[in-house]
Amino acid sequence: MKSDNVKVGMQQAPHRSLFNALGFTEEEMNKPMVGIVSSYNEIVPGHMNLDKIVNAVKLGVAEAGGVPVVFPAIAVCDGIAMGHIGMKYSLVTRDLIADSTECMALAHQFDALVMVPNCDKNVPGLLMAAARINVPTVFVSGGPMLAGHVKGEKRSLSSMFEAVGAHAAGKMTEEDVKEFEEKVCPTCGSCSGMYTANSMNCLTEALGMGLKGNGTIPAVYSERIKLAKHAGMAVMEMLKKNIRPRDIMTKEAIINALTVDMALGCSTNSMLHLPAIAHEIGFDFDIAYANEISAKTPNLCHLAPAGHTYMEDLNEAGGVWAVMKELDDIGLINRDCMTVTGKTVGENIKNSVNKDETVIRPTSNPYSKSGGLAVLKGNLAPDGSVVKQSAVVPEMMIHEGPARVFDCEEDAINAIKGGKIVAGDVVVIRYEGPKGGPGMREMLNPTSAIAGMGLGSSVALITDGRFSGASRGASIGHVSPEAAVGGPIALVKEGDTILVDITNKRLEVKVSDEELAKRKAEWKPKTPSVTTGYLARYEKLVTSGNRGAVLEYK
């Protein structure tokens, strides 16, 4: 056992004395030591039930003959961090989580791990750590929130942000906003639509790193406690069979995950996290894969914010495995990939059934013949940009209009809520990329304000920042190269004509090459906005959005 390095032999007598201080019995010292990485905290709604999940995992591990040992991982609530300096500290935690978990797991020589995350960055951060550490590992999340109910309709967090925009436009009273505020987030759990947290939890199943239902069983269901116990048991079986994360998270598994992403209509943030996970296994993930996969993958689900179904509905319809079975029936799933069940993907999903074709459309009747995400390139984004095309209304699939240019999110929000943005405009928010932010803030406030003010079918927004999974509309993010390194988005001027052509995967500024070259020669880098602390270190190491905003140490 790996843990023998800290438990067995005369040289380890001092180590054993410290285990004695922890109350370990002699019997426990002879068993595998399983680290349980708990993301529990009291500030993230998706994490307030993780203490119960962790306790259930401990029972499962102990019942299967292991010794469970809990240690923590941090997590930021993107919703609470949204729209202020706090959002600079969201994406950056992904690497802190991966690094700190690697440190804890290898310093203490755990034989196996169970990861207990739930929200946006700690799911991919722990997946990155799992690939690095490469001991048997199972993921079990805290589960999604149930949808809220307002005036007889299901609602979610995206409805709340859009309500603020509707109020600014005079379309909703303060009392109406208050009702939304009190009802859209009715339980613990990751927010109830196909936002980033739920996207990544679902993709954990698609990757083979989570048991059935990990992405969809609601947080408040007792079934999730049973799932957590089974996760503890499953990791012990993996340890016996020596099945490790790099046996599971292969190039083929990541392509499976991207395919499922397209069918589910996941958050654009998956196009940051899948490349980062791929980077950990040595797979150079080009975001252009998205278009290749999208071209042959039908979009089968329209969960909020793209539609009016929610994670609880997907769960009742058969969950991620039912979606994978639909895709497998038309030959789009690699069935030979290994999973944490000890069985292949094909063995896992062979008996899965789509129980509700209004939630998971069959491949014969998809929402669209192509997938939920698209990568746009052109003279404004030579290295690519990302849009959730399944959440774009038909009339905005091709849009041309004047650029309204802002060098930060706050200035754009003030203009939108101040009525200065009109139908036809293309809002450009720059210097919000991984380096420029630093931290690549999510732009949920401006996209929600646009939607709430009734401009969602007539105004596009492009940025070198990123979007919440709760964003909808013609919202094009991850524009690369970013403004901070002199990318073309830094050269756009107020009034330039911009073409957003999602249909043909193009993003262009209608300015000649000669004029762009002249502007480039005159461009000067901005002075970094942060010069101390973690953000300053992050800014020096981080790569562009098209590369997953991974850190380079060279």
Side-chain angles (χ1 to χ4, degrees), residues 1-8 27-37 53-54 56-70 101-102 105-106 108-117 126-141 203-215 226-257 277 280-283 320-321 324 328 333-352:
M1 293 186 294
K2 193 179 184 76
S3 62
D4 286 351
N5 291 327
V6 294
K7 294 190 303 186
V8 175
E27 291 81 2
E28 287 175 314
M29 292 292 286
N30 293 321
K31 294 178 180 179
M33 190 166 65
V34 179
I36 301 174
V37 186
I53 301 296
V54 166
V57 172
K58 290 173 70 175
L59 287 171
V61 168
E63 186 172 328
V67 179
V69 181
V70 179
T101 302
E102 173 193 355
L106 295 181
H108 301 103
Q109 294 291 285
F110 289 102
D111 297 298
L113 297 168
V114 180
M115 307 293 198
V116 188
L126 291 177
L127 283 165
M128 291 163 66
R132 288 184 203 171
I133 300 160
N134 203 36
V135 298
T137 303
V138 175
F139 277 67
V140 57
S141 78
L203 295 187
T204 300
E205 284 192 62
L207 281 168
M209 290 296 293
L211 298 175
K212 181 181 182 181
N214 182 54
K226 292 163 64 176
L227 179 74
K229 292 175 182 176
H230 285 136
M233 298 174 194
V235 81
M236 294 303 295
E237 280 300 308
M238 290 177 69
L239 183 59
K240 290 176 186 176
K241 297 175 181 177
N242 196 29
I243 299 172
R244 300 172 181 237
R246 287 183 210 161
D247 300 322
I248 295 170
M249 288 192 286
T250 61
K251 175 180 178 180
E252 293 75 19
I254 288 172
I255 297 300
N256 271 352
I277 295 162
E280 297 292 341
I281 65 164
F283 170 25
V320 175
W321 285 16
M324 294 179 75
D328 182 52
I333 294 292
N334 187 316
R335 308 177 86 253
D336 297 328
C337 294
M338 180 51 63
T339 75
V340 294
T341 67
K343 299 178 181 178
T344 64
V345 167
E347 291 173 310
N348 284 343
I349 67 174
K350 65 180 179 181
N351 296 319
S352 294

Quiz prompt | CA sep, side-chain torsions, deciding dist, call: Arg335, Thr344, side-chain contact (heavy atoms from CB on, under 4.5 Å) | solution = CA-CA 7 Å; Arg335 308 177 86 253; Thr344 64; 5.8 Å; no
Quiz item: Are Leu113 and Val135 close enough, and set up right, to give a side-chain contact (heavy atoms from CB on, under 4.5 Å), and what steps lead you there?
Solution: CA-CA 7 Å; Leu113 297 168; Val135 298; 3.9 Å; yes
Quiz item: Between Leu211 and Val340, is a side-chain contact (heavy atoms from CB on, under 4.5 Å) present by the stated rule, with each step listed?
Solution: CA-CA 7 Å; Leu211 298 175; Val340 294; 3.9 Å; yes
Self-check item: Evaluation steps, side-chain contact (heavy atoms from CB on, under 4.5 Å), between Asp247 and Lys241
Solution: CA-CA 12 Å; Asp247 300 322; Lys241 297 175 181 177; over 6 Å; no
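Leu227 and Asn214 make their closest contact through CD2-CA, 3.8 Å (heavy atoms, listed as atom of the first residue, atom of the second, distance). Taking all atoms of both residues into account, the shortest heavy-atom contact from Asp111 to Ser3 is OD2-OG, 2.6 Å. Closest of all the heavy-atom pairs between Ala130 and Met249 is CB-CE, 4.2 Å. When all heavy atoms of Ile36 and Pro68 are compared, the pair lying nearest together is CD1-CB, 3.5 Å. Nearest heavy atoms, Ile248 versus Met338: CG2-O, 3.4 Å. Scanning all heavy atoms of the two residues, the minimum distance from Trp321 to Ser352 falls at CB-OG, 3.4 Å.
Interatomic distance, CG of Asn30 versus CE of Met1, reported as 7.0 Å (0.5 Å rounding). Distance check: Leu126 CG to Arg132 CZ gives 11.0 Å after rounding to the nearest 0.5 Å. Separating the CD atom in Gln109 from the CE atom in Met33 is a distance of 8.0 Å, to the nearest 0.5 Å. Taken from NZ in Lys7 to CE in Met29, the straight-line distance is 6.0 Å, to the nearest 0.5 Å. To the nearest 0.5 Å, atoms CZ (Phe283) and OG1 (Thr250) are separated by 9.5 Å. Put simply, CE on Met209 and OG1 on Thr204 are 8.0 Å apart, with the number rounded to the nearest 0.5 Å.
The shortest distance between side-chain heavy atoms of Met238 and Val138 falls below 4.5 Å. His108 has its side chain out of reach of Val6: every pair of non-hydrogen atoms, C-beta onward, lies at least 4.5 Å apart. When side chains are defined from C-beta on, Ile254 counts as touching Ile281, because their heavy atoms get closer than 4.5 Å. Put simply, the side chain of Ile255 does not reach to within 4.5 Å of the side chain of Asn334, judged on heavy atoms. Contact check for Asn256 versus Cys337: side-chain heavy atoms found under the 4.5 Å cut-off. Looking at heavy atoms from C-beta onward, Asn134 lies in side-chain contact with Pro245 at the 4.5 angstrom threshold. Proximity of Leu106 to Lys2: side-chain heavy atoms (C-beta onward) are separated by under 4.5 Å at one or more points.
Residue-environment remark: NZ (Lys58) stays at or below the threshold of 12 foreign heavy atoms within 6.0 Å. Dense packing is recorded around CD of Glu347, with more than 12 heavy atoms of other residues, nucleotides or ligands lying under 6.0 Å away.
For the residue pair Asn348 / Thr339, a side-chain donor-acceptor distance below 3.5 Å is found, with atom types taken as modelled.
At a threshold of 4.0 Å, the pair Lys31-Glu28 does not count as salt-bridged, since none of the basic side-chain nitrogens sits closer than that to a carboxylate oxygen.
For the pair Glu205 (side chain) and Gly213 (backbone), a donor-acceptor distance under 3.5 Å is present.
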